[in-house]
Visitor: 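If you scroll down you'll find the structure; I have some questions about it.
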Amino acid sequence: MLSNSTRRWLAGLGVAGAFVAASATPGFAADSEIKLGVYFGDTTIATDSDGKIESSTVHSSAPVVLHDLTVRYDFTGLAGKVIVDKDEDTSADCTSPSANVLVCTSPWEVEVDEWGHGGLFPVQIKATDKAADGDTGTIKVTLSANGFDGVSHEAKVRVGEGVDLAAGPETTVSAAPGKSFTAPLKVTNVGETTAKGAAVIFYNDYGLNSTKHYSNCTYVGDELRTCRFDEELPAGGTFGATLPYALGADSMAPGSKYGEIIWMTPNEFEDFEGYLDNYDVTIGEPGTDGKLTLAEVAGKATARGFQADPRPENNGTYLEVKVTGNNSTDLEALGAAVTGKAGATVKAAIGLRNNGPATLDYSRSGSSVTYLTFDVPKGTTTTAVPENCFPVKGDEWGEPGQPGGRHYRCYFGSLLKAGETVTLDFGLKIDKAIANDTGLVKINVPCECDGGFYRDLKPANDTAKVVVNAAAGGGDGGQGGGDGGTLPITGSSTGLIAGVGALLLAAGAVGYVLTRRRKTRFVA
């Protein structure tokens, strides 16, 4: 159950703008109309371990194709303490022109869109035999490309002792929509060194609502995101707490909801916070319901410098909540009725509304909540098309947002709450004035794509008309088969952007940890 890729989670949402904000943190090239930025995360590594994997991310102020892309890793500030080398699992072209410098180049074009381009030239960051707990320094990462000035970012690297935190077992509970339940939170120190506290990150599906907000945990609304513990965890011990939840009354039933749980050391959590800050994502606000504590620990160990976990692959577990009962929803197609003279261009706002009672949440898979088709009225030509719609002719698909098509397929975000409406604005040029010129909107259309909703409570309103030059009393205006004309239907697009914070947090909680994988050998 542990996660799909970061990019897939994000790609299902219409939230490019939120993600582009990431490019504000790194430095930008000064002499190009398009500005580039580079990011490389802070990292804490353990002595006597295989280190961690980190890679660069390039951001751009506008979509661009880069040629002769080069990243230079200068770790002079860590000379004798840390080695930076090409990850053995990649085929990147990397050389060392001088001591403590690694230069990696790409012989291929690199396309950077509004999401940025991550995973560039992964490198292994490993402590040397001479490194000691408490050593620290910086890696200067410089990115350049043909036609662009170089841009740089400095990342902090800390060396500490190794501790091995292992997440507790997977847990399954059952609850009906609106009902309360509890879930265990457990961690075991399976290493040989006392852990100086611990931190845990949660990626909970929508509807797993915390009923208590603890002061050492952070929340966005009722969504639990992180907890930090200052209790020392001696080697060999298992420690735990109980978390109280309530399942959202709008949860789909029957079904399942999941929560991922990732443990790390406090120092690694600091690195993670820096990663989230770069993407302008909050971990939320502390609660006010007192402190959540792990089981009491006997004895105290002498505190040292930094700590890192050399085995992040055992840091994660998950909670499954089986949602019992029957609680589905009704998606209603929304059409429009517009008027205009020949030669005029009109806006038709089409889309869908979730009439409830259940919220649709496909955030974990990243798929669209449903798929929509739009047959354009015969006497019109599309001049403006949303970017999440594609013209389709037979088996051939056009480009996103491409005008001039006769039949379109559209996708939506991964979360659509009960009561929310999503609309898509199409520009229609009236080539020929035809009374009640009619096109058709359909939702819940089967697709070879992943996901989609097909358990609709009222399939009869899954179609709606788009009527151009609607005569009085002609066309249903999107009311699913009614006889009365209406004005164009409008509404919010909140379903396209809901949940971006949670998904970006997930990108950190899982992608952030798992990409820093190393071998399973543990040395304290």
Side-chain angles (χ1 to χ4, degrees), residues 14 177 249-255 325-339 346-362 367-378 380 386 388-389 392 406-426 428 436-447 449 451-496 498:
D250 59 344
S251 298
M252 179 70 71
N326 289 284
N327 194 43
S328 189
T329 200
D330 168 35
L331 293 188
E332 179 180 358
L334 303 179
V338 296
T339 59
V346 295
K347 181 180 76 173
I350 66 173
L352 63 115
R353 178 171 53 244
N354 185 353
N355 291 327
T359 285
L360 295 179
D361 182 11
Y362 297 114
S367 66
S368 176
V369 292
T370 190
Y371 297 94
L372 174 150
T373 61
F374 174 36
D375 294 324
V376 179
K378 293 180 180 179
T380 67
N388 56 314
C389 296
V392 178
R406 306 306 307 169
H407 178 78
Y408 284 88
R409 275 183 174 262
C410 304
Y411 67 90
F412 296 90
S414 299
L415 179 69
L416 185 63
K417 297 179 182 179
E420 285 188 336
T421 296
V422 183
T423 56
L424 305 170
D425 292 338
F426 278 81
L428 301 178
N436 295 330
D437 189 12
T438 303
L440 191 66
V441 176
K442 294 182 179 180
I443 59 173
N444 301 334
V445 178
C447 181
C449 324
F453 177 63
Y454 307 109
R455 294 160 52 188
D456 201 304
L457 291 175
K458 297 180 181 179
N461 62 12
D462 287 358
T463 61
K465 295 177 182 179
V466 174
V467 184
V468 179
N469 285 324
D476 66 11
Q479 299 306 305
D483 295 328
T486 71
L487 295 175
I489 294 173
T490 59
S492 68
S493 296
T494 53
L496 285 174

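Given the structure is predicted, the values throughout are model-derived calculations rather than measurements.
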Visitor: Side chains of Val466 and Phe426, heavy atoms from C-beta outward: is any pair under 4.5 Å?
Guide: no

Visitor: Between Asn436 and Thr438, which heavy-atom pair has the shortest distance, and what is it?
Guide: O-OG1, 2.8 Å

Visitor: Could you go through the side chain to side chain contact (heavy atoms under 4.5 Å, CB included) check for Thr370 and Asp456 one step at a time?
Guide: CA-CA 11 Å; Thr370 190; Asp456 201 304; over 6 Å; no

Visitor: Would you say the side chain of Leu416 lies within less than 4.5 Å of the side chain of Leu331, judging by non-hydrogen atoms?
Guide: yes

Visitor: Are the side chains of Leu372 and Val441 in contact, using a 4.5 Å heavy-atom criterion?
Guide: yes

Visitor: Closest heavy-atom contact between Pro357 and Leu457?
Guide: CD-CD1, 4.0 Å

Visitor: Closest approach of Tyr454 and Val445, non-hydrogen atoms and distance?
Guide: OH-O, 3.5 Å

Visitor: Locate the shortest heavy-atom distance separating Gly439 from Pro377; write the atom from each residue and the value.
Guide: N-CG, 3.6 Å

Visitor: Report yes or no: does Thr339 contribute a side-chain atom to a donor-acceptor pair with the main-chain N or O of Asn469 at less than 3.5 Å?
Guide: no

Visitor: Does any part of the side chain of Met252, heavy atoms only, come nearer than 4.5 Å to the side chain of Asp361, both counted from C-beta?
Guide: no

Visitor: Indicate yes or no: at least one non-hydrogen side-chain atom of Cys389 is less than 4.5 angstrom from one of Arg409.
Guide: no

Visitor: Would you say the side chain of Asn388 lies within less than 4.5 Å of the side chain of Leu424, judging by non-hydrogen atoms?
Guide: yes

Visitor: Testing the basics here: between Glu332 and Ile443, what is the closest heavy-atom pair and its distance to 0.1 Å?
Guide: C-CD1, 3.7 Å

Visitor: For a quick test of reading the model, state the closest non-hydrogen atom pair linking Asp250 to Asn327 and the distance between them.
Guide: C-ND2, 3.9 Å

Visitor: Check whether any side-chain heavy atom of Tyr411 sits under 4.5 Å from a side-chain heavy atom of Cys447, and report yes or no.
Guide: no

Visitor: So do the side chains of Ser251 and Thr359 get within less than 4.5 Å of each other, counting heavy atoms only?
Guide: no

Visitor: Between Ser328 and Arg455 (side chain of the first, backbone of the second, donor and acceptor by atom type, cut-off under 3.5 Å), is there such a pair?
Guide: yes

Visitor: If you apply the rule side chain to side chain contact (heavy atoms under 4.5 Å, CB included), what do you find for Lys417 with Asn354, and how did you get there?
Guide: CA-CA 7 Å; Lys417 297 179 182 179; Asn354 185 353; 5.9 Å; no

Visitor: Return yes if some donor-acceptor pair links the side-chain N/O of Ser414 with the main-chain N/O of Ser367 below 3.5 Å, else return no.
Guide: yes

Visitor: What's the spacing between Arg353 CZ and Asn461 CG if we round to 0.5 Å?
Guide: 9.0 Å

Visitor: In Å, rounded to the nearest 0.5 Å, how long is the span from CD1 of Ile350 to CG of Leu334?
Guide: 9.0 Å

